[in-house]
Amino acid sequence: MPTIKVQESIMTFSVCDHALLRHRMAVLRDRATPSDTFRETLAAIGAILASETLRDLPETTAEVATPLEVMAHPVLAGPAPALVAVLRAGLGLLEGARRVLPEAPIGHIGLVRDETTLQPSGYMARLPPDIAARGALLLDPMLATGGSAIAAAAQLKAAGTTRIRFLCVVAAPEGVANFAAAHPDIPVLAAALDRQLDARGFILPGLGDAGDRCFGT
């Protein structure tokens, strides 16, 4: 599992190693992929990433009666973490994560990026009331400059959440470094680490604007 060191802090950054995920990424990157296929593929990637990052949730045992006998079976030790989507594009990942963890409550954080300054501004936040106890899985397809992810994670921490994991589809080295500097305690799992940002703050080779492609805008 690769790590990135920034200002003497260690943040765990991982790229998910999965053949099916890489195959889905080819569909997502293709500029000819229509919005409906893009949305479904993004959801499939969200399910794969959520399954991978949640593999080490705390467990205990519970008594389960099968048709043949009673057994002690592993179950989650506590409540499921909340799934928190950064609007808009995070909704695509959310659909897949819900398939994996349907019992999880849902939160939304609305952020919009100024295309000139590349800085995010918030316009809404709706989080489950017990999110501090549950922890959160933060969902945003793109980690470009890192501004939106940094702001969203700060909102989760302001709500008392100390156990946060961040899922993204495509990350740029600049965004990974910026996020690590701001939140070295939050592990990040990505489907791909791309080459760099262009002058507009878009990831190269990337997949374009995930929100626009997801919703056909």
Side-chain angles (χ1 to χ4, degrees), residues 4 6-7 9-14 42 46 49-50 53 81-95 97 104-194 196-203 206-215 217:
I4 292 177
V6 178
Q7 296 180 354
S9 295
I10 297 293
M11 179 197 74
T12 301
F13 173 82
S14 307
L42 187 57
L49 291 174
T53 200
L83 304 176
V84 181
V86 177
L87 303 179
R88 297 175 296 163
L91 294 174
L93 283 178
L94 174 63
E95 183 60 32
I106 306 298
H108 300 91
I109 294 177
L111 295 166
V112 61
R113 186 173 77 160
D114 186 297
E115 296 303 328
T116 301
T117 67
L118 304 184
Q119 296 302 308
S121 59
Y123 59 89
M124 69 160 289
R126 298 290 185 272
L127 302 174
D130 60 346
I131 195 169
R134 286 180 173 273
L137 190 58
L138 183 61
L139 309 166
D140 192 359
M142 314 302 288
L143 181 59
T145 63
S148 294
I150 289 169
Q155 290 198 40
L156 291 178
K157 289 182 175 179
T161 317
T162 58
R163 291 176 290 110
I164 304 169
R165 307 171 194 225
F166 177 49
L167 291 187
C168 64
V169 177
V170 179
E174 298 93 330
V176 174
N178 291 337
F179 190 84
H183 300 290
D185 55 318
I186 299 179
V188 178
L189 180 65
L193 178 63
D194 277 12
Q196 66 186 73
L197 297 179
D198 67 10
R200 299 181 300 158
F202 278 81
I203 300 173
L207 50 81
D209 187 299
D212 284 349
R213 295 194 65 195
C214 190
F215 298 108
T217 53

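- Closest approach of G92 and L42 over heavy atoms only: CA-CD2, 3.6 Å.
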Name the atoms and distances for all side-chain donor-acceptor pairs under 3.5 Å in residues 135-142, with sequence neighbours left out.
none

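- Note that CZ of R88 is 5.0 Å distant from CG of D212, once rounded to the nearest 0.5 Å.
- Among all heavy-atom pairs drawn from F13 and V176, the shortest one is CE1-CG2, 3.6 Å.
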Please walk me through it: do H183 and V188 pass side-chain contact (heavy atoms from CB on, under 4.5 Å)? CA-CA 10 Å; H183 300 290; V188 178; over 6 Å; no
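- Proximity of C214 to L91: side-chain heavy atoms (C-beta onward) are nowhere separated by under 4.5 Å.
- Nearest heavy-atom pair across A144 and A172 is O-CB, 3.9 Å.
- Considering only heavy atoms from C-beta on, L94 comes within 4.5 Å of H108 through its side chain.
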Show your reasoning for whether side-chain contact (heavy atoms from CB on, under 4.5 Å) applies to T161 and Q155. CA-CA 9 Å; T161 317; Q155 290 198 40; over 6 Å; no
L93 and L83: CA distance, side-chain angles, deciding distance, side-chain contact (heavy atoms from CB on, under 4.5 Å) verdict: CA-CA 10 Å; L93 283 178; L83 304 176; over 6 Å; no
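- A side-chain donor-acceptor contact under 3.5 Å links R165 to the backbone of T53.
- In terms of heavy-atom proximity, A82 sits nearest to R134 at N-CB, 4.2 Å.
- The CZ atom of F166 sits 5.0 Å away from the CG atom of L143 when rounded to the nearest 0.5 Å.
- Residue A104 comes nearest to P81 through the heavy atom pair CB-O, 3.2 Å, listed as atom of the first residue, atom of the second, then distance.
- The closest donor-acceptor contact from the side chain of E174 to the backbone of L197 lies under 3.5 Å.
- Distance check, rounded to the nearest 0.5 Å: CG of L156 to CD1 of I164 gives 4.5 Å.
- Between the CD1 atom of I203 and the CG atom of D198 there is a distance of 9.5 Å, given to the nearest 0.5 Å.
- R163 places a side-chain N or O within donor-acceptor distance of the main-chain N or O of A133, the cut-off being under 3.5 Å.
- How far CE of M124 is from CG of L87: 6.0 Å, rounded to the nearest 0.5 Å.
- Of the inter-residue distances, the one linking I186 atom CD1 with I150 atom CD1 reads 10.0 Å to the nearest 0.5 angstrom.
- Nearest heavy-atom pair, G160 versus A132, reported as atom, atom and distance to 0.1 Å: O-CB, 3.4 Å.
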